[in-house]
Protein chains: 2
Amino acid sequence: MAQIDTVERILDAAEYLFAEKGFSETSLRTITSHAKVNLAAVNYHFGSKKILIQAVFTRFLDPFADRLGNRLDEIEDTGAQPGLEELVNMLFTEIMKVKPRGQNDLKVFMRLLALAYAQTQGHLRKHLQTVYGHVFSRYFRLLVKAAPDLPEQELYWRINFMMGSVMFTMSDFDTLNAISEAENGTTATVEDTLRRLLPFLVSGMRSPQSTVLRVENVDHS
Amino acid sequence: MAQIDTVERILDAAEYLFAEKGFSETSLRTITSHAKVNLAAVNYHFGSKKILIQAVFTRFLDPFADRLGNRLDEIEDTGAQPGLEELVNMLFTEIMKVKPRGQNDLKVFMRLLALAYAQTQGHLRKHLQTVYGHVFSRYFRLLVKAAPDLPEQELYWRINFMMGSVMFTMSDFDTLNAISEAENGTTATVEDTLRRLLPFLVSGMRSPQSTVLRVENVDHS
DNA sequence: ATGTGTTTCAAACACATGTTTTATTCAAAC
DNA sequence: GTTTGAATAAAACATGTGTTTGAAACACAT
């Protein structure tokens with residue numbers, strides 16, 4: 001094969017540009033010219049733009065899900081019962097291990113994840129659900145076991161509150177960081193910010209239920 | 001003028017469809033046919049699609065910002081120093097007062113807000129910043145005063161963690177609620193979920209700073 | 001060298017988009 | 001009744017899109 005890295009170059013450019021502008025807003029022509037590749041190469045190698053989008057996610061989500069799965073295996077093997085902080089910390093650690101592709105880095109990874117949620121790209125959500133749903137279900141089950149004894153639906157929502165903090169913060173990281181620099185002269189790395197997130201999230205998960213809602217679920221002690 | 005409500009009908013349809021699919025993914029033809037209005041009406045009444053997008057936000061953000069501003073005036077007049085929980089509660093209360101337009105409701109409002117952040121629609125962010133930046137700055141300053149004595153940049157990030165939880169949860173509310181129903185047979189209203197958010201966020205804001213940042217070291221190579 | 005299957009390339013295709021144009025309709029003012 | 005200006009309608013416009021085509025270039029085994 002000539003130009004063995006054509007596929008990789010397309011993926012690198014697509015990854016970067018998707019994170020920058022979104023899926024619909026990034027044309028194949030922008031991608032291919034940025035990757036210094038012929039326009040037809042995308043449809044030749046991938047088949048369609050939809051499949052290219054999925055391929056971008058697969059490339060960094062596959063090893064991520066694998067590593068997360070291994071961690072979960074270890075936990076189940078040792079029969080350990082990790083606590084809330086330990087679990088969140090584990091997830092963050094695996095997130096930070098995501099390998100930068102080309103000039104792309106962790107921010108791109110996080111922004112793509114957030115876009116996958118926000119942008120109503122129906123096929124993408126379905127794709128990610130069927131491919132990675134199993135691993136995340138396992139992780140969620142551990143979270144449920146580790147959480148303080150709250151009603152299941154309370155826990156469910158709190159987990160999503162957590163996800164929201166992480167997704168939003170990371171996807172808008174560059175903007176937020178720029179504002180931070182302008183206002184108090186400090187900048188942060190993605191790792192710094194994840195470390196800041198950890199106690200925030202753990203405290204949120206451990207917070208008492210709102211009194212209004214606790215009415216249905218009275219504790220007479 | 002004939003058909004006095006043409007503008008309103010366009011705004012109703014656009015609001016609903018933008019929230020459903022996103023801005024780039026919603027064509028003017030979809031909007032006008034949904035609003036039972038001629039295609040050219042959008043450019044005649046608004047000038048361009050970009051301006052239509054901004055108009056959709058202005059219509060529900062103007063009264064919202066006004067009410068929030070009034071609340072802030074009251075606080076400054078009385079010289080009160082509201083606490084964290086009080087402040088967040090105040091914001092949520094104002095959010096829940098946002099009037100449904102046509103068949104649209106609070107979910108549409110929240111989803112549009114989240115889209116404004118996620119979708120890199122540069123002109124929108126700039127527009128919202130210049131029009132509503134002042135009110136939100138006032139609110140943020142109150143938050144800073146109400147927060148426990150943390151370094152300013154710590155506070156800054158935590159406020160954004162909060163925003164993330166709210167935005168993400170509300171923008172994906174329908175999906176999350178559907179999953180909740182499938183898994184434990186319970187559904188929630190937007191109001192329920194905001195009430196659940198309140199203690200979660202307040203606890204997060206009050207969490208101790210992590211002294212030892214115990215995220216494992218990672219080598220990217 | 002030759003032949004073969006793969007990859008690249010320029011061009012064209014079919015279609016959807018936002019926008020503009022031109023003509024028509026309509027309600028109210030004179 | 002006529003006139004005037006705004007609102008609507010249908011059509012065309014210009015452009016950008018994802019995709020397909022068919023020929024050329026290429027690597028490589030025979």
Side-chain angles (χ1 to χ4, degrees), chain A residues 1-59 112 115-116 119-124 126-127, chain B residues 1-59 112 115-116 119-124 126-127:
Chain A
M1 37 181 151
Q3 282 288 51
I4 103 157
D5 46 353
T6 294
V7 167
E8 290 287 317
R9 290 234 301 286
I10 292 175
L11 285 173
D12 285 342
E15 186 175 285
Y16 173 76
L17 293 167
F18 284 154
E20 186 107 323
K21 295 254 186 196
F23 305 116
S24 308
E25 293 81 359
T26 306
S27 72
L28 291 186
R29 281 167 180 81
T30 309
I31 294 172
T32 52
S33 82
H34 195 274
K36 296 194 172 70
V37 153
N38 187 273
L39 167 63
V42 169
N43 284 280
Y44 177 77
H45 286 287
F46 294 93
S48 73
K49 186 182 181 180
K50 279 187 182 180
I51 300 179
L52 169 63
I53 295 177
Q54 296 173 4
V56 166
F57 278 86
T58 301
R59 187 173 62 151
L112 281 175
L115 267 183
Q119 210 124 345
T120 318
Q121 207 84 358
H123 69 100
L124 221 193
K126 199 168 296 180
H127 176 74
Chain B
M1 36 181 153
Q3 283 287 50
I4 103 158
D5 47 352
T6 294
V7 168
E8 290 287 318
R9 290 235 300 286
I10 292 175
L11 285 173
D12 285 341
E15 186 175 287
Y16 173 75
L17 292 167
F18 283 155
E20 186 107 325
K21 295 253 187 196
F23 306 116
S24 308
E25 293 82 358
T26 305
S27 72
L28 292 186
R29 282 167 179 81
T30 309
I31 293 173
T32 52
S33 81
H34 194 275
K36 295 194 173 70
V37 153
N38 187 273
L39 167 63
V42 170
N43 282 279
Y44 177 77
H45 286 288
F46 294 92
S48 72
K49 185 182 182 180
K50 278 187 182 180
I51 301 180
L52 170 62
I53 295 176
Q54 296 174 3
V56 166
F57 278 85
T58 301
R59 187 173 61 152
L112 281 174
L115 268 182
Q119 210 124 347
T120 319
Q121 205 85 1
H123 69 99
L124 221 192
K126 198 169 295 179
H127 175 73

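Residue numbering restarts at 1 for every chain, and letters A, B, ... go by the order of the sequence lines. No hydrogens, no waters, no symmetry mates; every other heavy atom, side chains included, goes into these values. Here the structure is a predicted model, which means the values were calculated and not measured.
For the atom pair CG of A:L52 and OG1 of A:T58, the computed distance is 10.5 Å after rounding to the nearest 0.5 Å. Interatomic distance, B:L11 CG to B:F57 CZ, rounded to the nearest 0.5 Å: 12.0 Å.
Judged as a side-chain contact (heavy atoms from CB on, under 4.5 Å), and not counting sequence neighbours, the contacts of A:L39 are A:L28, A:R29, A:T32. Take A:T30 and apply the side chain to side chain donor-acceptor pair (under 3.5 Å) test, not counting sequence neighbours, and it matches A:S27. For B:A41, the side-chain contact (heavy atoms from CB on, under 4.5 Å) partners at least two apart in sequence or on another chain are B:T6, B:I10, B:V37, B:H45. Listed by chain and number, the residues in a side-chain contact (heavy atoms from CB on, under 4.5 Å) with A:T26 are A:L17, A:F18, A:K21, A:I31 (sequence neighbours excluded).
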Any protein N or O atoms within reach of nucleotides 18-22 of chain D? Criterion: under 3.5 Å, listing atom names and distances.
| residue | atom | partner | partner atom | Å |
| --- | --- | --- | --- | --- |
| D:dG18 | OP1 | A:K49 | NZ | 2.8 |
| D:dG18 | OP2 | A:L28 | N | 2.9 |
| D:dG18 | N7 | A:R29 | NH1 | 2.9 |
| D:dG18 | O6 | A:R29 | NH2 | 2.8 |
| D:dT19 | OP2 | A:N43 | OD1 | 3.2 |
| D:dT19 | OP2 | A:K49 | N | 2.9 |
| D:dT19 | O5' | A:N43 | OD1 | 3.4 |

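Taking all atoms of both residues into account, the shortest heavy-atom contact from B:A35 to B:R9 is O-NE, 2.9 Å.
For the pair A:D5 CG and C:dT7 C1', the computed distance is 13 Å after rounding to whole Å. For the pair A:I31 CD1 and D:dG16 P, the computed distance is 17 Å after rounding to whole Å.
Listed pair A:H45 / C:dT6 fails the phosphate criterion, with no side-chain N or O lying under 4.0 Å from OP1 or OP2. Proximity of A:N38 to the phosphate of C:dA10: a side-chain N or O atom is located under 4.0 Å from OP1 or OP2.
Using a 4.5 Å heavy-atom threshold, the side chains of B:H127 and B:I51 count as separate.
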For Watson-Crick and G-U wobble pairs within 3.5 Å on both distances, what is DNA chain D written in dot-bracket notation, | included for inter-strand pairing? ||||||||||||||||||||||||||||||
